[in-house]
Amino acid sequence: MNFKLKNDTFLRALLRQPTEYTPLWMMRQAGRYLPEYRATRKEAGSFLGLCKNPNYATEVTLQPLERFPLDAAILFSDILTIPDAMGLGLYFSEGEGPKFERPLRSAAEILALRPADTDKDLRYVTDAVSQIRKALDGSVPLIGFSGSPFTLSCYMVEGGGSDDYAKVKTLMYNEPKLMHHILEVTTQSVINYLNAQIEAGAQAVMIFDSWGGVLSHAAFHEFSLPYTQRIVDGLIKEKDGVRIPSIVFTKGGGLWIESIANIGCDAVGLDWTMDIGIARQKVGHKVALQGNLDPVVLFASPDAIRNEVEKVLGSYGYGSGHVFNLGHGISQHTNPEHAAALVQAVHELSRKYH
């Protein structure tokens with residue numbers, strides 16, 4: 001396997017080492033905004049058909065890199081592979097997003113929960129990681145990822161997405177011991193899962209705490225952050241003599257950026273509501289920062305996109321330690337030409353800051 005990367009700008013930025021420009025990738029860069037993705041998905045028959053077939057997962061992971069000169073690839077998968085492997089029965093209903101056949105509703109169901117068997121039930125993911133890494137042939141690094149225990153628990157208890165997270169929060173306030181049990185088991189699953197991805201070839205890993213921002217200050221520090229910290233502590237930090245950096249992204253987590261930066265991760269992802277310059281003042285000596293253009297900016301004209309890119313770069317300022325990204329996933333309604341304009345703007349405009 002090729003350990004020498006042709007472009008390691010992304011990894012160097014995560015470790016706050018000097019780079020010639022600000023690297024970038026986009027959350028959900030392999031997705032429905034690309035016509036080639038829609039064609040492959042049609043061929044695969046369903047979203048899960050894409051995820052569970054390493055050949056299709058490899059194909060769609062590489063699609064955005066064939067189109068744009070991005071600085072990293074991210075494994076094509078879903079955060080809900082873990083609860084699915086824990087026996088909850090993931091399915092997707094048209095236009096409604098993910099659902100579980102067997103959500104956790106009773107104490108007995110919760111106490112019966114066991115960590116996912118990564119080798120057996122998530123083998124399709126690690127096979128995809130190995131295949132993608134090989135296909136990339138050292139061009140750019142590959143990011144592996146998982147949902148955070150709290151975010152996964154939301155889906156496991158709610159049975160799908162939610163507007164108010166009433167079921168999971170009620171459980172959390174009424175039966176904190178049961179909630180902690182779900183989080184414990186899920187944390188163990190995530191550590192095993194991410195380490196399996198690293199062993200299979202992931203060169204950086206990201207933890208998505210997509211719903212951490214719906215918690216109160218006290219609840220975030222009890223039910224989300226300590227479990228994310230345990231994952232960071234439990235990760236393989238080096239493989240084949242090379243550091244494997246970790247990124248933690250809490251949507252709506254700007255309020256707690258100092259706490260997040262203290263858990264030992266290498267980088268903190270920011271949504272678009274936080275000024276990246278203020279974030280850097282608070283934590284820049286501890287971690288790299290990833291973000292954080294509002295994804296809806298990509299609906300505007302290429303000139304407007306360039307303008308907004310300059311604002312983010314200017315706010316971060318000089319020096320390394322910035323990975324440019326969107327503040328959340330790219331919308332399926334984005335014009336791919338506008339994504340191209342973003343990539344070009346970041347690569348051109350960032351050089352003066354390095």
Side-chain angles (χ1 to χ4, degrees), residues 7-29 31 33-34 64-65 67-74 140-141 143 204 206 247 249-255 257 261 266-354:
N7 174 1
D8 65 352
T9 313
F10 165 72
L11 295 178
R12 280 189 290 138
L14 287 181
L15 298 171
R16 295 182 296 131
Q17 295 167 358
T19 57
E20 286 166 34
Y21 61 90
T22 303
L24 104 149
W25 66 280
M26 297 178 286
M27 288 193 262
R28 286 204 207 118
Q29 62 190 25
Y33 74 107
L34 294 176
L65 297 156
R67 204 184 249 267
F68 317 116
L70 295 156
D71 295 290
I74 183 164
V140 293
I143 306 165
M206 178 151 168
I247 309 163
F249 172 69
T250 302
K251 184 163 184 276
L255 291 167
I257 181 159
D266 296 288
V268 176
L270 301 173
D271 69 21
W272 66 92
T273 60
M274 174 101 197
D275 180 274
I276 199 165
I278 293 172
R280 188 183 186 186
Q281 283 164 19
K282 290 184 172 184
V283 299
H285 60 290
K286 278 202 178 114
V287 289
L289 293 172
Q290 178 175 279
N292 65 339
L293 188 76
D294 180 351
V296 179
V297 166
L298 296 183
F299 291 162
S301 69
D303 282 348
I305 292 167
R306 214 177 154 84
N307 236 353
E308 294 301 317
V309 164
E310 180 60 72
K311 284 182 196 167
V312 175
L313 292 169
S315 177
Y316 184 83
Y318 290 89
S320 67
H322 180 201
V323 171
F324 203 100
N325 207 318
L326 303 170
H328 201 239
I330 188 168
S331 160
Q332 59 168 320
H333 306 297
T334 303
N335 178 342
E337 309 229 321
H338 288 203
L342 166 70
V343 177
Q344 190 183 354
V346 173
H347 283 160
E348 280 177 16
L349 298 171
S350 66
R351 289 183 182 272
K352 63 176 180 280
Y353 292 105
H354 293 273

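All of these numbers come straight from a predicted model, not from anything done at the bench.
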Inset, instruction - Indicate the atoms forming the closest heavy-atom contact of Ala300 with Ile305, along with that distance. - result: O-CD1, 3.7 Å
Legend entry - Atom pair CE (Met274) and CG (Leu289), whose distance is rounded to the nearest 0.5 Å: 8.5 Å
Inset, instruction - Measure across Ile330 and Ala339 and return the closest heavy-atom pair with its distance rounded to 0.1 Å. - result: CD1-CB, 4.3 Å
Inset, instruction - Only pairs at least two apart or in different chains count here, so list each side chain to side chain donor-acceptor pair (under 3.5 Å) that has a residue in residues 301-313. - result: Arg306-Glu348, Glu308-Lys311, Glu310-Lys352, Glu310-Tyr353
Inset, instruction - Walk me through it: do Leu326 and Leu298 pass the test side chain to side chain contact (heavy atoms under 4.5 Å, CB included)? - result: CA-CA 10 Å; Leu326 303 170; Leu298 296 183; 4.1 Å; yes
Legend entry - Qualifying ring pair (Phe, Tyr, Trp, His ring centres under 6.0 Å) pairs, either residue in residues 286-317, two or more places apart: Tyr316-His322
Legend entry - Pairwise distance CE(Met206) to CG(Asp266) - rounded to 0.5 angstrom: 13.0 Å
Inset, instruction - Report the residues that fulfil ring-ring contact (aromatic ring centres under 6.0 Å, His included) with Phe249, sequence neighbours left out, ordered by chain and then residue number. - result: none
Inset, instruction - Could you tell me which residues satisfy side-chain contact (heavy atoms from CB on, under 4.5 Å) with Ala204, sequence neighbours excluded, listed by chain and number? - result: Phe10, Leu11, Leu14, Pro245
Inset, instruction - Indicate yes or no: at least one non-hydrogen side-chain atom of Pro23 is less than 4.5 angstrom from one of Val323. - result: yes
Inset, instruction - Over all heavy atoms of both residues, which pair between Ala73 and Val140 is shortest? Give the atoms and the distance, please. - result: N-CG2, 3.9 Å
Inset, instruction - Hey, could you give me the CG/OG1 distance between Asp271 and Thr250, rounded to the nearest 0.5 Å? - result: 9.5 Å
Inset, instruction - State, yes or no, whether a side-chain contact exists between Val346 and Val312 at a heavy-atom distance under 4.5 Å. - result: no
Inset, instruction - Hey, could you give me the CG/CG distance between Leu24 and Leu70, rounded to the nearest 0.5 Å? - result: 5.5 Å
Inset, instruction - Please name all residues satisfying side-chain contact (heavy atoms from CB on, under 4.5 Å) with Arg67, sequence neighbours left out, ordered by chain then number. - result: Leu34, Pro35, Glu36, Pro336
Inset, instruction - For residues Ser315 and Gly277, report the shortest heavy-atom separation together with the two atoms involved. - result: OG-N, 2.9 Å
Legend entry - Heavy-atom check, side chain of Gln290 versus side chain of Trp25, under 4.5 Å: yes
Inset, instruction - Test Ser320 against His354 for side-chain hydrogen bond (donor to acceptor under 3.5 Å, both in side chains), laying out the working first. - result: CA-CA 7 Å; Ser320 67; His354 293 273; 5.9 Å; no
Legend entry - Side chains of Phe324 and Val309 in contact at under 4.5 Å (non-hydrogen atoms): yes
Legend entry - Derivation and outcome, side chain to side chain contact (heavy atoms under 4.5 Å, CB included), residues Phe68 and Gln29: CA-CA 10 Å; Phe68 317 116; Gln29 62 190 25; over 6 Å; no
Legend entry - Sequence neighbours excluded - side chain to side chain donor-acceptor pair (under 3.5 Å) pairs with any residue from residues 325-337: none
Legend entry - Which atom of Gly269 lies closest to which atom of Ile247, heavy atoms considered: N-CG2, 4.1 Å
Inset, instruction - Please report the closest heavy-atom contact between Ala13 and Ala288, naming both atoms and the distance. - result: O-CB, 3.5 Å
Legend entry - Atom pair CZ (Arg351) and OG1 (Thr19), whose distance is rounded to the nearest 0.5 Å: 9.5 Å
Inset, instruction - To the nearest 0.5 angstrom, please state how far the CG atom of Asp294 sits from the OG1 atom of Thr273. - result: 9.5 Å
Legend entry - Val283 vs Val268, side chain to side chain contact (heavy atoms under 4.5 Å, CB included): CA-CA, chis, key distance, verdict: CA-CA 9 Å; Val283 299; Val268 176; 5.6 Å; no
